[in-house]
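Taking it in order: structure first as structure tokens, then the write-up.
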Amino acid sequence: MSFRDYAPAPESTAILNLRPHYGLYIDGQWTEGGGGSITSISPATEKSIAEISMADSSDIDRAVLAARKSYDTVWSRMSGAERGKYLYRIARLIQERAREFAVAETLDNGKPIRETRDIDIPLVAAWFFHYAGWADKLDYAGLGPNPSALGVAGQIIPWNFPLLMLAWKVAPALAAGNTVVLKPAETTPLTALMFADICQQAGLPAGVVNIVPGHGGVAGTALVEHAGVNKIAFTGSTAVGRNIARTLAGTETRVTLELGGKGANIVFDDAAVDEAVEGIIAGIFFNQGHVCCAGSRLLVQENIQDEVVEKLTRRLATLRLGDPLDKNTDIGAVNSKAQLARITAIAETGEAEGATRWTLDCEIPSKGFWFRPTIFTNVTTSNTVARDEIFGPVLSVLSFRTPDEAIIKANNTPYGLSAGIWTQNASRMLRVADSLRAGVVWANTFNQFDPTSPFGGYKESGYGREGGRHGLAAYLANGGAR
Ligand code: NAD
């Protein structure tokens with residue numbers, strides 16, 4: 001008998017009451033899309049979850065018209081306090097159904113239930129509570145006189161934090177008085193569709209939130225190009241973000257883009273090494289590394305490099321990879337076959353370019369998409385694994401001798417989303433943080449999120465900020481953010 005025999009049973013998907021088929025949610029009604037349908041599968045088992053109807057451009061048109069009508073006739077006429085009440089209601093309903101949402105997200109995305117239960121879903125509720133509180137206080141947000149909504153917000157989100165990315169976008173948009181058309185990612189539509197039920201349960205007026213699953217090149221493009229959309233908020237790859245910026249250049253549609261990253265976790269030799277090791281692991285192995293702000297580059301001071309890497313590999317050997325619904329699982333499945341192929345290809349390139357590869361010695365299930373935690377050492381700044389966003393559980397280790405060298409190496413990337421610094425020396429912490437071109441810099445921690453804190457990128461990581469009052473500004477006509 002092993003200690004696992006005493007572990008609680010895995011979460012059951014029976015609590016979900018899954019429907020065999022999901023339509024689009026437009027104007028407060030479930031409706032069928034003209035873009036065919038896809039079968040959503042669990043990446044951990046490859047078993048089918050449900051059939052999902054896909055939107056085509058005429059469905060996007062219907063959704064935008066519904067959002068416009070509800071904006072003109074209902075939502076823009078409501079007081080902030082009334083809008084806030086709906087947001088509070090949504091937040092409470094998410095709390096009530098938190099377990100269901102956690103199981104659904106784990107099933108659809110492949111990430112461990114411990115993460116969805118303790119991080120994703122609680123943060124979703126926190127985001128709605130936070131912005132519910134803003135809805136009647138826009139005048140005090142310091143964002144200019146008579147803040148007014150933009151109108152219809154088109155929102156396109158990725159698959160790595162499906163419901164959380166929805167919350168980051170929907171909550172501030174509604175609080176500021178906009179209506180929404182949201183397109184979830186192809187591989188993770190489930191929790192967005194369950195969120196449509198929450199909107200109905202909360203009594204949200206029809207058309208205020210419309211959820212339209214669809215293919216990026218069809219529904220996503222149609223949403224971006226729709227003349228009735230006043231603002232596009234996009235999170236995803238830099239390539240698609242660039243296309244969106246190009247399409248909307250010179251138009252009146254506002255854009256915010258939250259794109260890729262190649263975050264540096266910088267560990268100085270005076271750091272609390274054991275804590276840093278935990279932070280490095282959280283930085284790159286949380287959510288299988290499917291995190292735009294992941295600390296995918298470890299920059300470690302040369303004299304402690306061996307100690308840190310040794311401790312890292314020892315600690316990783318204690319992590320459990322497997323069934324994401326098992327409460328003891330630390331590392332879940334990669335989200336899709338395509339993403340697994342991308343990660344595999346980049347890791348092979350890293351090896352071919354001469355970096356030394358270490359892979360966690362662990363079993364992987366026979367079905368599903370799995371990638372063992374991997375660390376590259378002997379990495380130079382020109383190696384692909386040090387440059388490209390991998391978006392998987394792959395850490396590249398580089399060393400430095402001085403703080404200046406650490407700063408130069410950390411900034412040596414086209415991205416600028418995140419960084420972490422580990423040192424006990426407060427003045428060094430401040431000086432290094434100030435020199436990094438990164439939207440967020442964590443001090444002696446990593447991957448902490450809070451609805452009051454702005455989040456966003458420099459350089460090719462995009463522009464605009466989400467979170468706090470900065471996140472509101474992105475949805476207000478005179479908020480100053482483009
Ligand atoms: P993607 O950019 O293709 O997809 C993100 C979202 O954009 C999805 O909803 C998708 O349907 C939509 N989309 C795709 N093409 C579109 C288009 N032409 N117009 C409008 N919308 C479109 O990302 P992906 O292919 O799922 O992942 C590829 C890479 O992107 C990953 O390896 C990773 O590097 C990066 N990524 C980053 C984030 C992030 O949070 N910054 C999230 C997911 C993926």
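Start at 1 and go down the list; that is how both ligands and their atoms are numbered. FYI, the numbering just counts along the sequence from 1.
The closest approach between any non-hydrogen atom of Phe234 and ligand 1 is below 4.0 Å. By the 4.0 Å heavy-atom criterion, Pro184 is counted among the residues contacting ligand 1. Using a 4.0 Å heavy-atom cutoff, Thr235 is listed among the residues neighbouring ligand 1. Put simply, no part of Met165 is less than 4.0 Å from ligand 1, judged by heavy atoms.
Counting the atoms of ligand 1 from 1 in the order shown, those under 4.0 Å from a heavy atom of Pro158 are 42 (C), 43 (C). Close contacts of ligand 1 with Ile156, meaning ligand atoms under 4.0 Å from a residue heavy atom, involve 6 (C), 7 (O), 9 (O), 12 (C), 20 (C), 21 (N). Taking a cut-off of under 4.0 Å to the non-hydrogen atoms of Glu389, the atoms of ligand 1 that pass are 33 (C), 34 (O), 35 (C). Set against the non-hydrogen atoms of Glu186, the atoms of ligand 1 under 4.0 Å away are 8 (C), 10 (C), 11 (O). For ligand 1 and Ala185, the ligand atoms under 4.0 Å from any heavy atom of the residue are 9 (O). Proximity to Gly220 (heavy-atom distance under 4.0 Å) selects the following atoms of ligand 1: 19 (N), 20 (C), 21 (N).
In Thr221, the parts holding a heavy atom less than 4.0 Å from any atom of ligand 1 are both the side chain and the backbone. Contact annotation for His290 and ligand 1: no heavy atom of the residue comes within less than 4.0 Å of the ligand. When non-hydrogen atoms are compared, ligand 1 lies under 4.0 Å from neither the backbone nor the side chain of Thr187.
In this structure, Glu46 does not pair ionically with Lys337, as no charged nitrogen and carboxylate oxygen lie closer than 4.0 Å.
Looking only at distances, no side-chain donor or acceptor of Thr179 sits under 3.5 Å from a matching main-chain atom of Ser70. Between the side chain of Thr116 and the backbone N or O of Glu105, no donor-acceptor pair lies under 3.5 Å. Between the side chain of Asn109 and the main chain of Trp159, a donor-acceptor pair closer than 3.5 Å is present. Within the 3.5 Å criterion, the main-chain N or O of Gly241 finds no donor-acceptor partner in the side chain of Arg246. Counting only distance, with no hydrogens or angles, the side chain of Thr329 and the backbone of Ile331 share no donor-acceptor pair below 3.5 Å.
Taking the ring axis of Phe161 as reference, the NZ or CZ atom of Lys111 stays within 45° of it and closer than 6.0 Å to the ring centre. Arg465 forms a cation-pi arrangement with Tyr458, by the criterion of a distance under 6.0 Å to the ring centre and an angle within 45° of the ring axis. Stacking of Arg19 on the aromatic ring of Trp30 is recorded, both the 6.0 Å distance cut-off and the 45° axial limit being met.
Looking at ligand 1, you'll find an N or O of Ile157 within less than 3.5 Å of one of its N or O atoms. For ligand 1, none of its N or O atoms has an N or O atom of Ile390 under 3.5 Å away. Residue Trp159 has at least one N or O atom closer than 3.5 Å to an N or O atom of ligand 1. Considering backbone and side-chain N/O of His215, none are found under 3.5 Å from N/O of ligand 1.
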Let's go through Tyr475 and Tyr131 carefully: what are the C-alpha distance in whole Å and the side-chain angles of both, what is the deciding distance for ring-ring contact (aromatic ring centres under 6.0 Å, His included) to 0.1 Å, and is it a yes or a no? CA-CA 12 Å; Tyr475 289 97; Tyr131 282 106; 8.7 Å; no

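Taking a 6.0 Å sphere around NZ of Lys409, one finds it holds more than 12 heavy atoms contributed by other residues, nucleotides or ligands.
Distance check, rounded to the nearest 0.5 Å: CH2 of Trp442 to CG of Asn447 gives 4.5 Å.
For atom 40 (O) of ligand 1, the nearest protein heavy atom is under 4.0 Å away.
Of the listed residues (Cys293, Pro189, Ser237), the one carrying the non-hydrogen atom nearest atom 23 (O) of ligand 1 is Ser237.
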